[in-house]
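Side chains are part of it too, since the values below use all heavy atoms of this structure and drop only hydrogens, waters and symmetry mates.
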Amino acid sequence: MAANEGVIRGAVELVAVRSTLPVVPYPPPEQRSAILTERLLIRPFRDNDVQDLFEMNSDPEVAQWMATGIAHATLEDTKKALEPMLQNVLERQDFIICLASTGQVIGQGGQHRRCGTLGWPEIGYTLKKAFWGQGYGTEFLKGFLQWWWTLPRAEIDLEVDMATVPEGQTGAPVPECIVAITIEANKASRGVMAKSGLELVRLNPVVDLRDNTQTIDLFCHAARRPQESQS
């Protein structure tokens with residue numbers, strides 16, 4: 001049986017619900033605490049991280065999994081790509097992923113959209129190629145999500161994809177979600193999402209930003225807020 005059998009395929013269908021989300025504005029980055037896992041130090045961005053991020057995003061093998069598929073050619077490309085993060089720091093939770101043992105920067109990740117493709121916040125990550133296949137992506141996502149669910153929350157009205165709403169719950173407060181999105185070809189990322197507790201909920205066909213003559217399915221995964229964090 002195919003892993004995506006039975007998953008809804010089609011355009012996002014928004015429905016109005018009441019749920020919870022972390023309270024914004026978030027504290028400024030300099031007031032945020034780092035997240036520590038077994039092997040990783042997940043800390044706020046610093047200005048001197050730009051060079052490490054350029055080295056990562058200029059690698060064509062890394063860039064193939066970015067939205068445009070285009071590697072950064074210059075340091076200015078990386079600085080420009082960081083502008084949305086720097087301009088919206090109070091509604092985003094972006095982090096630099098480092099080895100806890102040495103402080104070496106190996107990637108970046110975090111909640112980069114407050115209202116994403118499915119209406120919920122979105123999480124993503126990128127790692128330098130030298131650190132692929134060693135479990136760091138899964139460790140980052142698990143560590144980030146464990147921390148994410150501890151943030152102060154408030155009830156809110158919002159519109160979210162029906163595929164994330166338990167049947168029959170649109171008239172009552174629905175469980176909060178966070179979403180991660182990849183594509184079919186990125187099997188490693190899909191595996192990371194599954195290991196981190198995110199469930200494939202929708203295949204969303206869109207224009208492929210790498211070739212606008214083609215369409216591609218976005219594999220949309222969601223994690224629901226754990227019951228124990230709601231008490």
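The existence of a salt bridge linking R202 and E13 is confirmed by a sub-4.0 Å separation between a basic side-chain nitrogen and an acidic carboxylate oxygen. Residues D59 and K129 are not paired through a salt bridge, judged by the lack of any N-O separation under 4.0 Å between the basic side chain and the carboxylate. Between E83 and K80 there is no salt bridge, since no side-chain N of the basic residue sits under 4.0 Å from a carboxylate O of the acidic one. Between R43 and D49, at least one side-chain N (NZ, or NE/NH1/NH2) sits under 4.0 Å from a carboxylate O, which counts as a salt bridge.
The distance from atom CD1 of I35 to atom CD1 of I42, rounded to the nearest 0.5 Å, is 5.0 Å. The line from OH of Y125 to CD1 of I106 is 11.0 Å long, rounded to the nearest 0.5 Å. Residue F219 holds its CZ atom at 9.0 Å from CD1 of I183, rounded to the nearest 0.5 Å. From C177, atom SG reaches atom CG of L198 across 9.5 Å, with rounding to the nearest 0.5 Å. Note that CG of N204 and CG of L118 are 7.0 Å apart. Values are rounded to the nearest 0.5 Å.
Taking 4.5 Å as the limit, every side-chain heavy atom of V105 sits out of range of all side-chain heavy atoms of I97. With a 4.5 Å cut-off on side-chain heavy atoms, R225 and P175 do not count as touching. Residues V160 and V165 are in side-chain contact: their nearest non-hydrogen atoms beyond the backbone lie under 4.5 Å apart. Side chains of L99 and F131 form a contact here, defined as non-hydrogen atoms less than 4.5 Å apart. Contact check for N57 versus M66: side-chain heavy atoms found under the 4.5 Å cut-off. The side-chain heavy atoms of R113 and R92, taken from C-beta on, include no pair separated by under 4.5 Å. Counting heavy atoms from C-beta outward, M193 and T182 have side chains that approach closer than 4.5 Å. For the pair L53/Q108, a side-chain contact is recorded, criterion being any heavy-atom separation below 4.5 Å from C-beta on.
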Discussion item. Is there a side chain to side chain contact (heavy atoms under 4.5 Å, CB included) between L218 and L203? Walk through the geometry before answering.
Written reply: CA-CA 5 Å; L218 299 182; L203 305 179; over 6 Å; no

Discussion item. Let's go through D161 and I8 carefully: what are the C-alpha distance in whole Å and the side-chain angles of both, what is the deciding distance for side chain to side chain contact (heavy atoms under 4.5 Å, CB included) to 0.1 Å, and is it a yes or a no?
Written reply: CA-CA 11 Å; D161 184 31; I8 298 172; over 6 Å; no

Item to complete: Evaluate the criterion side chain to side chain contact (heavy atoms under 4.5 Å, CB included) for residue pair V17 and V15; output intermediate values, then yes/no.
Response: CA-CA 6 Å; V17 300; V15 293; 4.0 Å; yes

Discussion item. Side chain to side chain contact (heavy atoms under 4.5 Å, CB included) for E55 and K128? Distances and angles first, verdict last.
Written reply: CA-CA 8 Å; E55 291 173 4; K128 291 182 177 180; 3.9 Å; yes

Discussion item. Would W147 and F95 count as a ring-ring contact (aromatic ring centres under 6.0 Å, His included) here? Give the steps.
Written reply: CA-CA 12 Å; W147 168 85; F95 288 88; 5.4 Å; yes

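Both cation-pi conditions hold for R153 and W148: the charged atom is under 6.0 angstrom from the six-membered ring centre and inside a 45 degree cone around its axis. Remark: R39 qualifies as a cation-pi partner of Y136 under the 6.0 Å distance and 45° angle criteria applied to the six-membered ring.
No option in H112, Q111, R32 other than R32 meets the side chain to side chain donor-acceptor pair (under 3.5 Å) test with Q93.
One hydrophobic cluster holds both L151 and L141 under the rule that ILVMFWY side chains link at heavy-atom gaps under 4.5 Å.
If you check the side chains of R210 and T68, you find no donor sitting under 3.5 Å from an acceptor. Inspection of the H72 and T78 side chains reveals an N or O donor paired with an N or O acceptor under 3.5 Å. There is no side-chain donor-acceptor pair under 3.5 Å between W65 and S189. For the 3.5 Å distance criterion, the side chains of T20 and E155 fail to qualify, holding no donor opposite an acceptor.
Shown here is E159, whose CD atom has more than 12 heavy atoms of other residues, nucleotides or ligands within 6.0 Å.
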